[in-house]
Q: 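Got a structure here, written out as structure tokens. Questions coming.
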Amino acid sequence: FHNWELLGLWAWLPAFLTAALLLQGQPVENALMFAGLTYVANIAGSIIGGTMADRWGRTQTILTWSCVSLALSFSIGWLIAAPIILLVALACLYNFAGIADSSTHSLVLAESVPPHYLGVAYAVRSVIGFGAGVVSPVVFGWALDASGQSWGLAWVTLGIGAALGPVMTWKLRKS
């Protein structure tokens, strides 16, 4: 669920920012610079997310950042006409939140699986997670085309695909 959203975000964010700039009559040359800036937020997200997991707990950190990320999945596409500075700020937060729980997912797996199964567990997690990350950008593109270029509906596909992540984390928390 995490990779569905994260890899879809990474695949489509530059195109989205380009479309927003075009819609607003601004030069598109800035799109990659803006997208690059949002990817720098990943560095901070990774560091802060890991630190929070140690201080607040694993599942609390995953729940917090996955819910923030989901809120942005369901909203950012509808804001395409918002001022570009707001979109870039939201995209920075989205990238931050999208990656902030990533290392914690790996850590929870390492802490939950007996050591003699850890290699297999990571392999299965990678196949399923990155498999979802391969499919989600395609689904996003289909939604964008089928909807007549509705960026809102396209971004919602990432949220729908990731929505079970917090549910599963909540179940993990209870166990």
Side-chain angles (χ1 to χ4, degrees), residues 1-52 61-105 126 128-169:
F1 308 115
H2 167 74
N3 278 2
W4 175 278
E5 182 183 32
L6 185 62
L7 285 116
L9 162 66
W10 288 348
W12 279 99
L13 186 60
F16 173 70
L17 292 174
T18 301
L21 288 166
L22 283 170
L23 180 68
Q24 297 177 29
Q26 295 187 31
V28 295
E29 294 80 26
N30 294 330
L32 290 179
M33 178 188 64
F34 291 146
L37 177 64
T38 72
Y39 295 131
V40 170
N42 286 323
I43 298 166
S46 224
I47 293 167
I48 291 171
T51 302
M52 286 176 61
T61 299
I62 293 171
L63 282 171
T64 298
W65 291 115
S66 62
C67 288
V68 170
S69 185
L70 274 174
L72 288 160
S73 286
F74 287 114
S75 61
I76 198 165
W78 305 107
L79 301 172
I80 192 166
I84 197 68
I85 191 74
L86 175 61
L87 280 181
V88 171
L90 288 172
C92 284
L93 177 60
Y94 196 1
N95 256 319
F96 181 100
I99 199 76
D101 60 350
S102 200
S103 60
T104 308
H105 285 292
S126 293
I128 294 170
F130 288 107
V134 166
V135 174
S136 72
V138 175
V139 172
F140 186 111
W142 284 339
L144 188 62
D145 290 345
S147 66
Q149 303 298 307
S150 170
W151 286 94
L153 288 176
W155 283 107
V156 163
T157 66
L158 298 184
I160 290 171
L164 285 178
V167 173
M168 295 296 140
T169 302

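On a predicted model such as this, the values are computed, not experimentally measured, just so you know.
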Q: CZ of Phe140 to CG of Asp145: how many Å apart, nearest 0.5 Å?
A: 10.5 Å

Q: What is the distance from atom OG1 of Thr38 to atom CG of Leu90, rounded to the nearest 0.5 Å?
A: 11.5 Å

Q: Testing the basics here: between Ile80 and Gln24, what is the closest heavy-atom pair and its distance to 0.1 Å?
A: O-NE2, 3.3 Å

Q: Could you report the tightest heavy-atom contact between Asp101 and Ser66, atom names first, then the distance?
A: OD2-CB, 3.6 Å

Q: Quick one: SG on Cys92 to CG on Leu72, what's the gap to the nearest 0.5 Å?
A: 11.0 Å

Q: How many angstroms lie between CD in Gln26 and CG in Leu17, if you round to the nearest 0.5 Å?
A: 11.0 Å

Q: Mind listing the closest non-hydrogen atom pair of Phe16 and Ile76 along with its distance?
A: CZ-O, 3.4 Å

Q: Drop me the distance from Leu9's CG to Asn3's CG, to the nearest 0.5 angstrom.
A: 11.5 Å

Q: Can you name the side chain to side chain donor-acceptor pair (under 3.5 Å) partners of Trp10, sequence neighbours left out?
A: Asn95

Q: For Ser46, give me all partners under side chain to side chain contact (heavy atoms under 4.5 Å, CB included), at least two apart in sequence or on another chain.
A: Ile99

Q: Quick check: do Leu87 and Ile84 have side-chain heavy atoms less than 4.5 Å from each other?
A: yes

Q: Can you give the donor-acceptor pairs under 3.5 Å from side chains of residues 155-169 to other protein atoms, not counting sequence neighbours?
A:
| unit_1 | atom_1 | unit_2 | atom_2 | d |
| --- | --- | --- | --- | --- |
| Thr157 | OG1 | Ala154 | O | 2.5 |
| Thr169 | OG1 | Gly165 | O | 2.9 |

Q: Could you walk me through whether Val68 and Tyr94 pass the side chain to side chain contact (heavy atoms under 4.5 Å, CB included) check?
A: CA-CA 8 Å; Val68 170; Tyr94 196 1; over 6 Å; no

Q: Please evaluate residues Thr18 and Leu21 with respect to the criterion side chain to side chain contact (heavy atoms under 4.5 Å, CB included), reporting the C-alpha separation (whole Å), side-chain torsions for both, the decisive distance (0.1 Å), and the verdict.
A: CA-CA 5 Å; Thr18 301; Leu21 288 166; 5.7 Å; no

Q: Is there a donor-acceptor pair closer than 3.5 Å between any side-chain N or O of Ser69 and the backbone N or O of Trp65?
A: no

Q: Please walk me through it: do His2 and Ser102 pass side chain to side chain donor-acceptor pair (under 3.5 Å)?
A: CA-CA 8 Å; His2 167 74; Ser102 200; 3.1 Å; yes

Q: Closest approach of Pro14 and Tyr39, non-hydrogen atoms and distance?
A: CD-OH, 3.3 Å

Q: Closest approach of Val134 and Val138, non-hydrogen atoms and distance?
A: O-CG2, 3.8 Å

Q: Can you tell me how far CG of Leu6 sits from CG of Asn42, rounded to the nearest 0.5 angstrom?
A: 7.0 Å

Q: Show your reasoning for whether side chain to side chain contact (heavy atoms under 4.5 Å, CB included) applies to Leu37 and Val88.
A: CA-CA 8 Å; Leu37 177 64; Val88 171; 3.9 Å; yes

Q: Looking at Ile85, I'd like to know if its CD1 atom is crowded, meaning that more than 12 non-hydrogen atoms belonging to other residues, nucleotides or ligands lie closer than 6.0 Å.
A: no

